[in-house]
Every structure is written in structure tokens, then in C-alpha cells.
Asks: 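Before we start, here is the structure in question, set down as C-alpha cells.
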2 protein chains.
Amino acid sequence: MALAELQPVNRDSTAAIIAEQLRAAIMNGSLPPGTQLGEVDLAAKFQVSRGPLREAMQRLVQEGLLRSERHRGLFVIDLEPADVFDIYTTRNAIEQAAATLIMRGGRAEQAAGALEEVLAEMRAAVRRGDPHAASDADSRFHEVLVAASGSRRLTRMARTLLTETGMCIAALQRTYEVPDAQVAEHTGIVDAIRGGRESLLLKLIDSHMEDGIRRLLPGYSLHGPGPEPSEPPSSAGAADAPARPARPRTRRRSAARKPAG
Amino acid sequence: MALAELQPVNRDSTAAIIAEQLRAAIMNGSLPPGTQLGEVDLAAKFQVSRGPLREAMQRLVQEGLLRSERHRGLFVIDLEPADVFDIYTTRNAIEQAAATLIMRGGRAEQAAGALEEVLAEMRAAVRRGDPHAASDADSRFHEVLVAASGSRRLTRMARTLLTETGMCIAALQRTYEVPDAQVAEHTGIVDAIRGGRESLLLKLIDSHMEDGIRRLLPGYSLHGPGPEPSEPPSSAGAADAPARPARPRTRRRSAARKPAG
DNA sequence: GATCGTATTATTGTCAACAATCCGAGGGTC
DNA sequence: GACCCTCGGATTGTTGACAATAATACGATC
């Protein structure tokens with residue numbers, strides 16, 4: 001047989017599709033932090049029953065993007081300064097690990113090639129003044145970087161963290177102008193990969209994350225003591241422990257507005 | 001009010017409880033890799049309907065512990081050598097990041113105290129020749145270590161990785177005798193934390209992981225090129241993409257045997 | 001006037017039944 | 001004998017309805 005590369009026809013499950021759409025909506029700010037996800041509304045918008053929708057939402061709860069309160073509903077997580085710090089700290093760890101795998105696993109050339117494609121899109125978007133596309137390319141750059149490590153687990157974690165990064169940017173109303181300096185930083189990362197400069201690469205990623213957190217939380221640093229979390233995670237660390245003692249919550253802050261695009 | 005520390009009464013959702021039980025069953029080998037999770041059987045064992053059970057399973061799919069094949073069922077993931085490598089590589093990254101946070105965030109004393117409690121249990125278990133308890137303590141040690149970082153995200157990831165570590169040990173039929181050397185390694189980690197020796201701590205964690213992977217995959221190393229994954233993760237990296245082209249599968253390898261203990 | 005108790009209403013949690021799909025067995029045909 | 005088609009059984013996917021719970025509004029009481 002000549003044609004050897006044919007992919008299986010398996011479609012994703014309905015829950016996976018819905019989860020992906022919700023993830024995108026959370027990432028781009030259509031579902032801002034704190035919003036309650038009413039099941040009937042969302043089910044109607046997705047034109048499915050509540051069953052598959054609930055399954056999809058349970059995925060996001062496990063992912064840490066939604067917070068579940070029994071008999072009360074599911075809410076998009078709130079992002080406090082401690083969370084922004086946490087997100088960038090964790091991203092730093094994940095991407096540095098991925099970078100190490102790339103350099104020591106002989107994947108540098110392949111990774112650099114894939115990254116340069118994204119980089120070209122980023123440059124084009126910046127040149128034509130399209131911040132949305134530039135931001136997309138930025139996100140994709142880091143996703144491709146981690147994926148190039150070949151680590152399934154790092155890749156999955158990175159995806160969640162990128163969603164949360166998008167939440168931060170959207171929540172803090174930064175238009176996220178991608179300046180030339182930002183493009184230069186990414187270019188430097190690719191160059192370091194191609195040049196085989198491992199320790200330089202790790203430093204570049206570190207300072208890139210440092211820049212990211214400084215842009216969102218002026219005055220904070222990745223390597224400082226970090227902001228005290230208002231609610232320290234329990235040692236058991238239940239995925240959806242609703243450790244919010246009393247919340248003067250309005251019953252519904254904002255219904256799902258544009259989940260299915 | 002004098003009493004200030006009263007925890008909220010909120011119970012976890014049913015899906016969370018079931019997911020936790022399934023996770024434990026997967027970790028300790030009651031549900032070995034490849035087993036299909038029949039919905040009706042499991043629902044009967046948990047004495048709930050299929051609805052909440054499916055929600056719980058979707059959580060584990062998102063977590064990467066289960067693999068979903070449309071209209072075919074949910075299966076415990078298979079663990080190939082590449083996965084063992086991936087698990088330990090990722091654990092290394094997570095725990096090193098946690099260790100850095102502990103040292104730089106002024107949490108060393110607190111962390112060392114919590115870890116020594118677990119360490120005492122581990123020593124006692126080894127002394128009385130209880131490998132099960134010793135293995136439990138080992139797992140808990142690392143969970144507490146990461147939790148002490150205060151990072152919610154690192155903690156959540158670590159928990160999944162510890163479940164998978166348990167799978168590896170159970171799958172490879174290692175009785176997981178925790179030798180004195182193993183206890184000594186953990187002790188060294190606590191000492192490094194208490195002594196404020198950050199770079200030593202990172203080295204100790206690294207070699208601890210190295211030992212772990214060598215125990216499971218003799219001949220492999222964390223820092224070598226690593227085993228080639230038989231199926232490289234797609235660049236998109238769908239969480240449950242069933243990229244297994246053709247599988248001469250028996251319809252049901254083993255029904256759920258002891259999920260609820 | 002403020003607080004407590006009660007009824008209402010909307011939402012979530014759960015369930016059992018229906019529909020769609022897949023696997024395997026059996027029989028027929030070449 | 002090998003291959004194809006068809007049928008039966010079983011499992012998953014989805015749905016709509018019912019039960020349980022919590023938030024709100026209203027009225028009674030001190």
C-alpha cells in the first residue's frame with residue numbers, strides 16, 4: 001500500500017467538543033471569571049441535552065478552570081494576584097522542562113522549524129496591527145514549544161495554563177499589544193534552540209515569564225516571595241474544594257454570552 | 001467570635017467522590033491498565049446511576065488516566081516505557097519547581113515539619129515490614145512536598161502524576177520494597193530543606209527521580225535521550241484523542257473488580 | 001424598623017428509558 | 001475453504017422527567 005499515513009476516523013466525544021468550546025470561551029474572556037454557567041442556557045446554546053454538557057463541565061472542573069459549588073452551580077474561577085503568580089510560576093517550570101527535553105532529546109531542529117512557522121505568523125500579525133492574531137500566535141508558540149518536547153503530560157498541562165494565561169490577559173483588560181520586543185524575545189528563544197545553547201534557552205524562558213508577570217502584575221517578580229494566597233490550598237488539595245466560607249454572591253452575574261461562537 | 005477556624009460544610013460533589021475512588025483503584029492496581037470500565041457494572045457497585053458515574057469518568061479522561069473510544073467505552077490507559085519516562089520527567093519538573101518555591105518563599109520550616117511527620121510514618125512502616133504502608137507514605141511524602149509550595153496548580157498536577165506512578169509500580173509487579181536507602185533519600189531531602197541548601201535540594205530530587213525510573217526501567221535514565229514514544233503526541237494534543245489505529249481488542253479484559261473498596 | 005419564619009421559584013442532582021452504534025456469531029455464496 | 005452479508009446481543013450516547021436543594025420575596029412578630 002502506497003498511502004501509509006491515514007488517520008483514524010474517530011471523532012472526539014461530544015463532551016470533549018463542548019469542553020473545548022467552553023475552554024476557548026473562557027480563554028478569550030467571553031466567560032469572565034466568576035460567571036455562573038447555567039446548565040439549561042448552555043445546553044440550549046450547544047443544542048444538546050444537559051447530560052453531555054455536564055460531562056464537559058466536569059472536565060473543566062478537573063482541569064481547574066471551573067469551580068463547583070454543590071446545589072449552587074458551576075462558576076468560572078476567580079483570578080487573584082496569587083493565581084497569576086502561580087500560573088506563571090508553573091508555566092515557567094513546564095516550559096523549562098520542555099526546553100530541556102527538546103535540547104537533550106535531539107528535537108532542536110524539528111522544534112525550531114515548527115516554532116519559526118508560528119513566529120512568522122506572529123510577525124505578520126504585528127506588522128499589520130492585528131493584536132488578536134498576534135496574541136493567538138503568542139499562545140500557539142508556547143503550545144508548540146511544549147508539544148515539541150514530545151511529553152504528553154507537559155503538553156496537557158501547558159494547554160490548561162495557556163487557557164488561564166488568556167483569562168488573565170482578558171480579565172485585566174490588557175489589549176495585549178504585542179510589541180516588537182515581545183517578538184524579539186520569541187525569536188531569541190528559537191535562536192537559542194537552533195544554536196544548541198541550552199542554558200541560555202532556560203534563561204530566556206525565565207525572563208520571558210518574568211516579563212509576562214510584570215506586565216500583568218507590575219511590581220511582582222517570579223523569583224520574589226510571591227503574593228500570599230488569600231486561601232492557601234489544603235494539603236489534600238481537592239480539585240474542586242469550595243473553600244470559600246461565605247460569599248455574598250449575586251445569583252447570576254452574567255449568563256453565558258457567546259460560547260459557541 | 002473566639003472560634004475562627006470552622007470549615008465550610010460543603011460536601012464534594014458525587015462525581016468528585018466517585019472520581020477519587022476510581023483514582024485510588026487505578027493507582028493501587030485494582031483497575032490495571034487496559035481494563036474497560038463498563039458503566040452499568042460500575043454504577044451498580046457505586047450504587048448510583050450512570051449519570052454521575054459518567055461525569056466522574058470524564059474527569060479522569062481529562063486527567064489523562066482514562067482513554068475514551070467513542071461508542072466503545074472507557075479504558076484505563078496503557079503504560080509503555082515512554083510513559084514511565086514521561087511521568088518521571090514531569091514529576092521531576094514539578095517537584096523541583098515546588099522545591100524552589102518552598103526555599104524562596106520562606107516555607108522551608110513549615111515544609112520540613114510536615115514532611116518529617118510523613119517520614120516518621122515511612123520509617124515506622126519500613127521497620128515493621130509493611131510495604132503497603134511504606135509505599136503510601138512515600139507517595140504522601142511527595143504530595144506533601146508539592147503541597148507545601150503553596151501552588152494549587154503544581155499540587156493538582158502532582159496528584160495525577162502520583163496516581164500514575166502508583167500505576168507503574170503496580171503494573172510492573174514490583175513489590176516496591178522500600179529499602180533503607182529509599183528512606184535515606186527522603187531524609188536527605190528534608191535535611192536539605194531545613195538547611196536551606198537549595199541547589200543541593202534540587203540535585204537530591206533529581207537523583208531521587210533518577211533512582212525511581214531506574215528501578216522501573218533498568219537501563220533508562222532521565223537525562224538520556226529517552227525512549228521513543230510509539231505514538232508521538234499530535235501537535236494539537238487532544239486530551240483524549242484515541243490515536244490507536246487498530247487494536248485487536250478483546251471486548252472486555254476485566255470487569256471493575258474492587259473500585260469501592 | 002429590624003429580624004425571623006415561611007412559601008415560592010429557579011436551579012442543580014439524579015434517574016430510568018430510548019436511540020445509536022459496535023462486536024461477534026451464524027449462514028450463505030463463490 | 002474463504003469471504004461476505006445479515007442478524008442478535010450488548011454497550012454506549014442521549015434525552016426528558018422527577019426529586020432535592022438553595023436563594024429570593026413576602027409576611028408576621030417583637
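Predicted, not measured: the structure shown is a model, and the values here were computed from it. Each chain gets a letter, A, B and so on, in the order its sequence line appears, and its residues count up from 1.
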Asks: Can you name the side-chain contact (heavy atoms from CB on, under 4.5 Å) partners of B:H71, sequence neighbours left out?
Replies: none
Asks: Once side chain to side chain donor-acceptor pair (under 3.5 Å) is applied, do any residues pair with B:T160, and if so which ones, sequence neighbours excluded?
Replies: B:E63
Asks: In chain order, what residues pass the side-chain contact (heavy atoms from CB on, under 4.5 Å) check against A:E20, with sequence neighbours excluded?
Replies: A:R23, A:R159
Asks: With sequence neighbours left out, what residues match A:A114 under side-chain contact (heavy atoms from CB on, under 4.5 Å)?
Replies: A:V144
Asks: Sequence neighbours left out, what passes side chain to side chain donor-acceptor pair (under 3.5 Å) with B:T165? Give chain and number order.
Replies: B:R91
Asks: List every contact pair, protein side and nucleotides 14-17 of chain C side both N or O, where the distance is under 3.5 Å.
Replies:
from   : atom 1 : to    : atom 2 : distance (Å)
C:dT14 : OP1    : B:T14 : OG1    : 2.4
C:dT14 : OP2    : B:T14 : OG1    : 3.4
C:dC15 : OP2    : B:S49 : N      : 2.6

Asks: C:dC23, OP1 or OP2 - any side-chain N/O from B:R72 closer than 4.0 Å?
Replies: yes
Asks: Would you find a donor on one side and an acceptor on the other, under 3.5 Å apart, between the side chain of A:T155 and the backbone of A:S151?
Replies: yes
Asks: Specify the separation, in whole Å, of atom CD of A:E39 and atom C1' of D:dT15.
Replies: 14 Å
Asks: Distance check needed: D:dA10 P versus B:L42 CG, whole Å only.
Replies: 18 Å
Asks: Kindly write out the residues that satisfy side-chain contact (heavy atoms from CB on, under 4.5 Å) with A:T14, not counting sequence neighbours, or none if the list is empty.
Replies: A:I18, A:V48, A:P52, B:R70
Asks: According to the ring pair (Phe, Tyr, Trp, His ring centres under 6.0 Å) rule, which pairs have a member within residues 138-158 of chain A, sequence neighbours left out?
Replies: A:F141-A:H186, A:H142-A:H186, A:H142-A:H208
Asks: What is the distance from NE2 of A:H71 to P of D:dC18, rounded to the nearest Å?
Replies: 19 Å
Asks: If an axis is fit to five pairs at each end of the helix from C:dG1-D:dC30 to C:dC30-D:dG1, what is the angle between the two, to the nearest 10°?
Replies: 10°
